[in-house]
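Below is one structure, written out as structure tokens; comments come after it.
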Protein chains: 2
Amino acid sequence: MINKKSPIPLYYQLEEHIIELIEKGELRPDDALPPEREYAEKFGISRMTVRQAYTELVNKGYLYRLQGKGTYVAERKIEQPLQGLTSFTEEMKARGMEPGSQLIHFQINPASEIIAKQLAISEAEPVYEIMRVRLADGVPMAIETTYIPANLIQGMTQEIVNQSLYAYIQENLKLRISSGSQVIESSIASQNEAKLLHIGKGAPVMLIESTTYLENGTPIEYVKSVYRADRYKFILNINR
Amino acid sequence: MINKKSPIPLYYQLEEHIIELIEKGELRPDDALPPEREYAEKFGISRMTVRQAYTELVNKGYLYRLQGKGTYVAERKIEQPLQGLTSFTEEMKARGMEPGSQLIHFQINPASEIIAKQLAISEAEPVYEIMRVRLADGVPMAIETTYIPANLIQGMTQEIVNQSLYAYIQENLKLRISSGSQVIESSIASQNEAKLLHIGKGAPVMLIESTTYLENGTPIEYVKSVYRADRYKFILNINR
DNA sequence: TCGGATCACTGGTATAGACAACTATACCTA
DNA sequence: TAGGTATAGTTGTCTATACCAGTGATCCGA
């Protein structure tokens, strides 16, 4: 569990261990963690080292502390630091709507200049291109085109895409998503967009371009979305 | 500077001290802070305590560390955790444009139901209402209407508004802004909006409603903005 | 001149221990 | 019963110390 010989810092090993317990569901929201002193004794490390691991996890939003009581697993709220890194599926569920999806195409193409730049790969490297109409309660909400470097996630199938890509990345590939950037702008629906979204040509739409990165800074996906402005608002909460 | 008799934790006193130096401009972005060991000796406290203060300020985005080199004042970049809590002025500067402003009106009104709800005050309580056309390099960029509870900031004048409201709040009122929420949507310019923004009626615009809160959770301002979609994109970066 | 070794200084990790502040419970007393 | 006291267990703060790891300058030798 904790390897004192490893060059990986002890507090970091403990962090990973606890995150794993949470992700496996062995620790559920509001469960108490062992007291700092107990963990310290159990692993033969000092209390301050346990404390450092707990503190980082509190900062990252995995845990919360109550003085005099203990340290507990935090709820993974959508509103909080996850904001902007959630998938369409999670977001719609959080808004109380039933998410759906309609595949337009699923192909592997060589990366265009723009896509290559966004994904930090060379031009013409293969990328998955997945275009879907996203539904909320059965009504078209957005057109979403996702680009993923094929070398990063090999053998991806349509099935995976229809599940949660994020969950797949975390569970099967043991990679953790850590940051993202988004550009949001207003525009007007083209003929084709209008048709797919069941709105009139020239109706207002919201364009969202979003790039997601792993912990080491590698881009994992680049998504271009066209949302119906009459049904979608982008909500952002910030806490310093 | 640092009072060992005070019940306020030493690391917190040091944090406040450093923030003050940064806000007064005595420490500028990329300036080096004293090494941990030096501060420790200077104030007669242990290095770990200095380290705790530095660490918290790194987490809050005030400082950054380079192993083997030192600890430095961070730039208050738009990209970073400030995102969405910056003023129009700061944001335009960060984008390399010269911000400007054209006052449409400055008045005190009783709060409407919607405004009262956003500012968490009673209906009909007085609020400042400031409507301005915001310019970037002399060209209209947005129409911004700001609502501020009059009881919170008494005796506000047009001059203050033309300076930085954020700076005024922090320096004169000793209040620190800590969180905010924004709702972003797409729409189409009304006749009046089109006229003020020098665009055609029906051109796409971006509506941004934004509420800003103090550390204790009190809303301090509610802003409704209408941005020209042809000149403005909303950029958001997230780091977990 | 170039390259490598050394050194001083920085932050990074880790230990051991002390006391304060806070919570919850049990128990005692008016 | 209500209120105070004692106690055990928790996190919070702080000290003192040690050694590791990265940076950059300086020195030295080929």
Side-chain angles (χ1 to χ4, degrees), chain A residues 1-19 22 27 29-74 215-217, chain B residues 1-19 21-22 27 29-75 215:
Chain A
M1 219 89 86
I2 298 288
N3 176 7
K4 284 210 175 194
K5 300 283 171 57
S6 163
I8 298 165
L10 297 178
Y11 77 90
Y12 189 78
Q13 292 184 43
L14 183 53
E15 267 185 68
E16 291 291 308
H17 176 62
I18 294 167
I19 289 176
I22 293 172
L27 282 173
D30 298 322
D31 279 0
L33 273 85
E36 297 166 355
R37 285 178 177 83
E38 186 179 317
Y39 245 146
E41 196 175 352
K42 180 174 170 191
F43 292 125
I45 59 183
S46 90
R47 180 184 161 218
M48 287 305 283
T49 302
V50 176
R51 207 170 153 67
Q52 185 173 0
Y54 278 21
T55 301
E56 295 231 1
L57 291 176
V58 168
N59 282 329
K60 289 180 186 170
Y62 285 98
L63 307 179
Y64 64 94
R65 286 204 255 232
L66 296 179
Q67 183 175 160
K69 296 196 69 179
T71 305
Y72 302 86
V73 178
E215 278 178 333
N216 61 13
Chain B
M1 216 92 87
I2 298 289
N3 178 5
K4 284 207 177 196
K5 301 282 171 55
S6 162
I8 298 165
L10 296 178
Y11 77 90
Y12 189 77
Q13 293 184 42
L14 183 53
E15 267 185 68
E16 290 290 310
H17 175 61
I18 294 168
I19 289 175
L21 291 179
I22 293 172
L27 282 173
D30 297 322
D31 279 1
L33 273 86
E36 297 167 355
R37 288 172 178 85
E38 186 180 317
Y39 245 146
E41 194 176 353
K42 180 174 169 189
F43 292 125
I45 59 183
S46 91
R47 180 181 160 215
M48 288 303 285
T49 303
V50 176
R51 210 173 149 68
Q52 186 173 1
Y54 279 20
T55 301
E56 295 231 0
L57 291 176
V58 168
N59 281 330
K60 289 179 186 169
Y62 284 98
L63 306 179
Y64 64 93
R65 285 204 256 233
L66 297 179
Q67 182 174 163
K69 296 194 70 176
T71 304
Y72 302 86
V73 177
E75 297 222 32
E215 280 176 332

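A note on names: the letters A, B, ... follow the listed sequences, proteins ahead of strands, and every chain is numbered from 1.
Here Glu38(A) pairs with Pro34(A), Pro35(A) under the side chain to side chain contact (heavy atoms under 4.5 Å, CB included) rule; sequence neighbours left out. Judged as a side chain to side chain donor-acceptor pair (under 3.5 Å), and not counting sequence neighbours, the contacts of Arg47(B) are Glu36(B). By the ring pair (Phe, Tyr, Trp, His ring centres under 6.0 Å) test, Tyr54(A) pairs with no residue at all, sequence neighbours left out.
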N/O donor-acceptor pairs under 3.5 Å from side chains in residues 4-11 of chain A, not counting sequence neighbours:
from, atom 1, to, atom 2, distance (Å)
Lys4(A), NZ, Gly44(A), O, 2.8
Ser6(A), OG, Ile8(A), N, 2.9

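Applying the 4.0 Å criterion to OP1 and OP2 of dT17(D), one finds that Ser46(B) has every side-chain N and O outside that range. Between Tyr11(B) and the phosphate of dT13(D), there is a side-chain N or O to OP1/OP2 separation shorter than 4.0 Å.
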Might you list the N or O atoms of the protein lying below 3.5 Å from N or O atoms in nucleotides 5-10 of chain D, with each pair's distance?
from, atom 1, to, atom 2, distance (Å)
dG9(D), N2, Gly68(A), O, 3.2

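Put simply, CD on Gln52(B) is 16 Å from P on dG11(C), counting in whole angstrom units. Rounded to whole Å, atom P of dT15(D) lies 11 Å from atom CG of Leu14(B). Per the geometry, CD1 belonging to Ile8(B) stands 12 Å off P belonging to dT13(D), to the nearest Å. Summarising the geometry, the separation between CZ on Arg51(B) and P on dT10(C) is reported as 14 Å, rounded to the nearest angstrom. Look at OH on Tyr54(B): it is 15 Å from C1' on dG12(C), rounded to the nearest Å. A straight line from OH of Tyr39(B) to P of dC14(D) spans 16 Å, rounded to a whole angstrom. Distance, Met48(B) CE to dG12(D) C1': 14 Å, rounded to whole Å. Look at NZ on Lys5(A): it is 18 Å from C1' on dT13(C), rounded to the nearest Å.
Remark on DNA chain C: of its neighbouring residues Arg47(A) and Pro7(B), the 5'-side contact belongs to Arg47(A), judged by nearest-heavy-atom nucleotide.
A pairwise comparison of heavy atoms in Ala74(B) and Gly61(B) identifies CB-O, 3.4 Å as the closest pair.
When only modelled atom types and interatomic distance are considered, Arg51(B) and Ser46(B) share no side-chain donor-acceptor pair under 3.5 Å.
Ring planes of Tyr72(A) and Tyr64(A): parallel class, angle under 30° (limits at 30 and 60°).
Direction of the helix axis in the helix from dT1(C)-dA30(D) to dA30(C)-dT1(D) shifts by 10° between the two five-pair termini, rounded to 10°.
Between Phe43(B) and Leu14(B) there is a side-chain heavy-atom pair separated by less than 4.5 Å. Side-chain atoms of Tyr62(B) and Ile18(B), non-hydrogen and from C-beta on, never get closer than 4.5 Å to each other.
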